[in-house]
Amino acid sequence: MTHILVVDGTGRGHAICDLFLRTDPDVTVYYGPGTDALDGHGRIVPVPGIRFDDPDTALAFLAEHPVEFVFVSNIDALSAGYADVLAAAGHQVIGPSAQAARLEASKERGKRFCEDHGLPTARYGAFTDPGAAKAYIRALPYACVVKTDGLTPDGDGAVVCDTAVEATAAVDAFAAAQGERFQVVVEERLYGREISVFALLDGEDYLLFPTALDFKRTLEGDAGKNCDGMGSIAPHPQASPALLEQLRRDLVEPLVAGLRDEGLAYTGFVYIGAMLTAAGLRVIEINTRFGDSEAEAVLPGVHSDFTELCRAVLRKDLGNSLLVTDALVRCSVALTQGCLDPADPGAAPGWPFGAFATGGQVLGLTQFPLDRTRLFYANLRAGAEGQPVTSGGRVLHVVGSGTTLAEARAQAYRRIGAISFPGMRHRADIGAALERSSEPAWSVLEAAPGQAPQPLAPAVAVVPTGR
Ligand code: AMP
Ligand code: GLY
């Protein structure tokens, strides 16, 4: 029996644990801190004592519970130096160093990396002075996005603006919140559909994973604010072989070469958030872990033995590995805890819908007859009697699968109909516009105002996998 440790505590973490269990019958996964709601779920063993901000908590656990390797997939843990500290203590560990994790943890660092290594990205300026940022914005002949430089707990650090007035207001809001630590990037606003691009890296080589389309806005019709993501579909509807080749050539290969040139220690997943614009591909962000809620839609379709892939990463031998995936479409929907009564003494400040109370009982999680859905637990905990209760913004992710997007959506939403908790909110339109459109939505790129839309190569039903 193999034992490994996964360091995470999100729906993505659960999907990674599930990937190990599903593809390797011999593995037991310690999941730290994980969630105690998964206690007794087969071979996942939550380790609540592990803390993202303190790698020593993992070292203490590992001293008593030896594992073959540790898989770190949470940005807070990576930023706290988990990969460095565990490796220095002699553990086999998959995850980028804290220095490499700066590519995600600092917007300016990520942008500079793109420019230095030829990854196409939007024009930008970086500022530590609000007045200078506002002067730059007023002089821009195009719309922009204002981003706070560092990590934000709820993915609400980017304000996409139509006008200079909105953008300068965003600068003022960040300045008020950050005071002395004010640091923003002001970036040209891009128009088009986003695509989430994933690869597993061994430090020298890489393996492409299927793409996804993430729905980041809180409200239906892509209204509301950016958050970590309200749902995803995978594969991305525009993922034609030609596009995948372009993603590999223009984004992933320069990224891997750049990591090598800078001597950054990097193993594990990378997630490039990009935009398909009328002028071509543009990188929006580099993230040093898998996307959440994309992991929930992508990873259930992976059938390669993931423990073996990780061993190949540790041997730096990924170049000889193949990724086997199925040809199903998946639709993942986040069930989030909406604003209850902010005056409630139990209410916590949060996102995506403001203050929420914790501890609401979650009903309807037991096996649903005749369905092809999966549930991934995020801010879901075991209550006093072991019953599942809510503990935060995104509570769980419901994933439907099918041979078409329509089937996948129907599966997911049917399952959601049986689940309830106080203040439950979700977007009812994840993937809906793509399903409804009479002409395949992927056949045309959205264009910037005043420009003609560009046709694209048609997508294929089967995602080509691996290299
Ligand atoms: P980020 O904070 O860089 O992860 O951006 C969060 C989200 O804001 C992205 O996923 C996009 O939806 C949006 N966004 C970021 N940068 C841009 C941009 N330059 N143009 C348009 N939308 C953007
Ligand atoms: N789905 C967006 C993220 O993981 O940052």
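These figures come from a predicted structure and were not determined experimentally. Order of listing sets the numbers, starting from 1, for every ligand and every atom in it.
Contact annotation: for S293 versus ligand 2, heavy atoms closer than 4.0 Å belong to the backbone alone. At a heavy-atom cutoff of 4.0 Å, ligand 2 is contacted by the backbone of D228 but not by its side chain. Residue E294 touches ligand 2 through its side chain alone, judged by heavy-atom distances below 4.0 Å.
Less than 4.0 angstrom separates some heavy atom of D214 from each of these atoms of ligand 2: 1 (N), 2 (C). The contact set between ligand 1 and A158, taken as ligand atoms under 4.0 Å from a residue heavy atom, comprises 2 (O), 5 (O), 6 (C), 8 (O). Every atom of ligand 2 is numbered from 1 in the order shown, and the set under 4.0 Å from a heavy atom of G291 is 4 (O). When each atom of ligand 1 is checked for a heavy atom of I284 under 4.0 Å away, the hits are 3 (O), 15 (C), 16 (N). For ligand 2 and Y271, the ligand atoms under 4.0 Å from any heavy atom of the residue are 1 (N), 2 (C), 3 (C), 4 (O), 5 (O).
Not close to ligand 1: R217, with no non-hydrogen atom less than 4.0 angstrom away. Put simply, no part of G229 is less than 4.0 Å from ligand 2, judged by heavy atoms. Residue contacts with ligand 1 leave out R282, since none of its heavy atoms falls under 4.0 Å from the ligand. Using 4.0 Å as the threshold, F290 has no heavy atom nearer than that to any atom of ligand 2. In this structure, R289 counts as a contact residue of ligand 2, since one of its heavy atoms falls inside 4.0 Å of the ligand.
There is a side-chain donor-acceptor pair under 3.5 Å between R381 and T35. Between the side chains of Y206 and E253, at least one donor N or O lies within less than 3.5 Å of an accepting N or O. Between the side chains of S232 and S293, at least one donor N or O lies within less than 3.5 Å of an accepting N or O.
With respect to E115 and K111, no salt bridge is recorded, no charged nitrogen being found less than 4.0 Å from a carboxylate O.
I430 has its side chain within reach of I233: a pair of non-hydrogen atoms, C-beta onward, lies under 4.5 Å apart.
Scanning K216, K147, E188, K111 for the heavy atom closest to atom 3 (O) of ligand 1 points to K147. Which of N226, V283, L190 comes nearest to atom 21 (C) of ligand 1 through a heavy atom is settled by distance: it is L190. When the heavy atoms of R189, E194, K107, E187 are ranked by distance to atom 9 (C) of ligand 1, first place goes to E194. Counting only non-hydrogen atoms, the option in V160, V185, V146, V186 that gets closest to atom 14 (N) of ligand 1 is V160.
Note: Y31 and Y377 fail the aromatic proximity criterion, with ring centroids not under 6.0 Å apart. Aromatic ring centres of F376 and H397: separated by at least 6.0 Å.
An N or O contact shorter than 3.5 Å is missing between K216 and ligand 2 by distance.
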Under the side-chain contact (heavy atoms from CB on, under 4.5 Å) criterion, do Y136 and C144 qualify, and how do the steps go? CA-CA 11 Å; Y136 175 85; C144 69; over 6 Å; no

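Using cut-offs of 30° and 60° on the angle between ring planes, the pair F290 and F209 is perpendicular.
Shortest non-hydrogen contact noted between V47 and Y30 is CG2-CB, 3.9 Å.
Between the side chain of D202 and the backbone N or O of L318, at least one donor-acceptor pair lies under 3.5 Å.
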